[in-house]
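This report refers to the structure that appears directly beneath it.
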Amino acid sequence: MRCGSGPTGSRRPRAVIVILAGFALVTAPALRAQEAGHAAEGGHSGEAEESGFRSVVGFFGGVATHTERNETGGAMGVSYSYALSHRWAVGAKLEYSTSSLERDLLFIPAVAFEAAERLEFVLGVGFERADRDEVEHDAKITEREIEGVVRLGVAYLFRLRDGVYVGPEFNADIGGSRVTYVYGVSMAVGL
């Protein structure tokens, strides 16, 4: 989807954010009750209870490979997440990636599920702004596109100390007719 391509183009990212926020508000009481019941049974205490941190800020550094042009460039990002229970969290990520022909800015609200201790799967729906350099008639033109994107991701974090984790992260961003793989090292710090 190109900028200004229709009257609903600017409403989609807001609708996604509203839907994810609504999902978080609706499910939070049930998830907290489930967590309390699980803790009372003496089950897995989870990272949020282990460290006492419900809010986590993350930092990411790595590379992004655009499959459309088979081009790889650097990527960096910052994220925030809030633990709803010992297995579920909601949050958002802002990520920037660049290569010789394209620069992308990505905003993804997401839901994360911790399948095993510190092994996390992520599903996010957001939008990507891509600035592409094209050469037409010996003149360099920058074309800007905004499109929706779905992120599927997995990460495993190793505990360095209480509230500080580091580990590999792999994501596949699916948007329009292309897929971008983003992979690197993530660091999470509890607040």
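All values below were derived from every heavy atom in this structure, side-chain atoms included, with hydrogens, water molecules and symmetry-related copies excluded. Bear in mind that the values here come from a model prediction, so they are computed numbers and not experimental data.
- Note on Val149: it does not cluster hydrophobically with Val154, by side-chain heavy-atom contacts below 4.5 Å among ILVMFWY residues.
- A cation-pi arrangement, defined by a distance under 6.0 Å to the six-membered ring centre and an angle within 45 degrees of its axis, is present between Lys93 and Phe60.
- Atom CD of Glu117 and atom OH of Tyr156 lie 7.0 Å apart (nearest 0.5 Å).
- Both Val185 and Val189 sit in one connected hydrophobic cluster of ILVMFWY residues. Membership requires side-chain heavy atoms under 4.5 Å apart, directly or through other members.
- With rounding to the nearest 0.5 Å, the separation of CG in Asp104 from OG1 in Thr98 is 8.0 Å.
- To the nearest 0.5 angstrom, Arg118 atom CZ is 7.5 Å from Arg159 atom CZ.
- If you run side chain to side chain contact (heavy atoms under 4.5 Å, CB included) between Tyr181 and each of Thr67, Thr72, Asn171, only Thr67 comes through.
- Of the charged side-chain nitrogens involved, at least one lies within less than 4.0 Å of a carboxylate oxygen, so that Glu147 and Arg178 count as a salt-bridged pair.
- Summarising the geometry of Ile108 relative to Gly126, their closest heavy-atom pair is CD1-N, 3.9 Å, with the distance given to 0.1 Å.
- Both Phe170 and Leu119 belong to a common hydrophobic cluster when Ile, Leu, Val, Met, Phe, Trp and Tyr are linked at side-chain heavy-atom distances under 4.5 angstrom.
- Taking a cutoff of 4.0 Å between a charged side-chain nitrogen and a carboxylate oxygen, Arg151 and Glu128 do not qualify as a salt bridge.
- When side chains are defined from C-beta on, Ser186 counts as touching Leu157, because their heavy atoms get closer than 4.5 Å.
- The two residues Gly167 and Phe158 come nearest to each other via the heavy atoms CA-CD1, 4.2 Å.
- Residues Ala83 and Ala89 come closest through the heavy atom pair CA-CB, 4.0 Å.
- Of all heavy-atom pairs spanning Val122 and Ala110, the tightest one is CG1-CB, 3.7 Å.
- Between Val111 and Trp88, some side-chain heavy-atom pair lies under the 4.5 Å cut-off.
- Val78 and Tyr82 fall within the same hydrophobic cluster, defined by Ile, Leu, Val, Met, Phe, Trp and Tyr side-chain heavy atoms under 4.5 Å apart, directly or through other members.
- Hydrophobic clustering keeps Val179 apart from Val182 (ILVMFWY residues linked when any side-chain heavy atoms are closer than 4.5 Å, directly or through intermediates).
- Panel note: side chain Arg129, backbone Ile146; no donor-acceptor pair is recorded below 3.5 Å.
- We find the OG-CZ distance between Ser79 and Phe59 to be 8.0 Å, quoted to the nearest 0.5 Å.
- Nearest heavy-atom pair across Phe53 and Gly190 is CD2-C, 3.4 Å.
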* Apply the test side chain to side chain contact (heavy atoms under 4.5 Å, CB included) to residues Leu106 and Phe127: give CA-CA distance (whole Å), side-chain angles for both, the deciding distance (0.1 Å), then the verdict. => CA-CA 6 Å; Leu106 189 76; Phe127 61 92; over 6 Å; no
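- Here the CG atom belonging to Leu105 is positioned 8.5 Å from the CG atom belonging to Asp131, to the nearest 0.5 angstrom.
- With values rounded to the nearest 0.5 angstrom, Arg54 atom CZ is found 7.5 Å from Leu84 atom CG.
- Shown here for Phe121 and Ala115, the closest heavy-atom pair between the two residues is CE1-CB, 3.6 Å.
- At a threshold of 4.5 Å between non-hydrogen side-chain atoms, the residues Phe113 and Arg87 count as touching.
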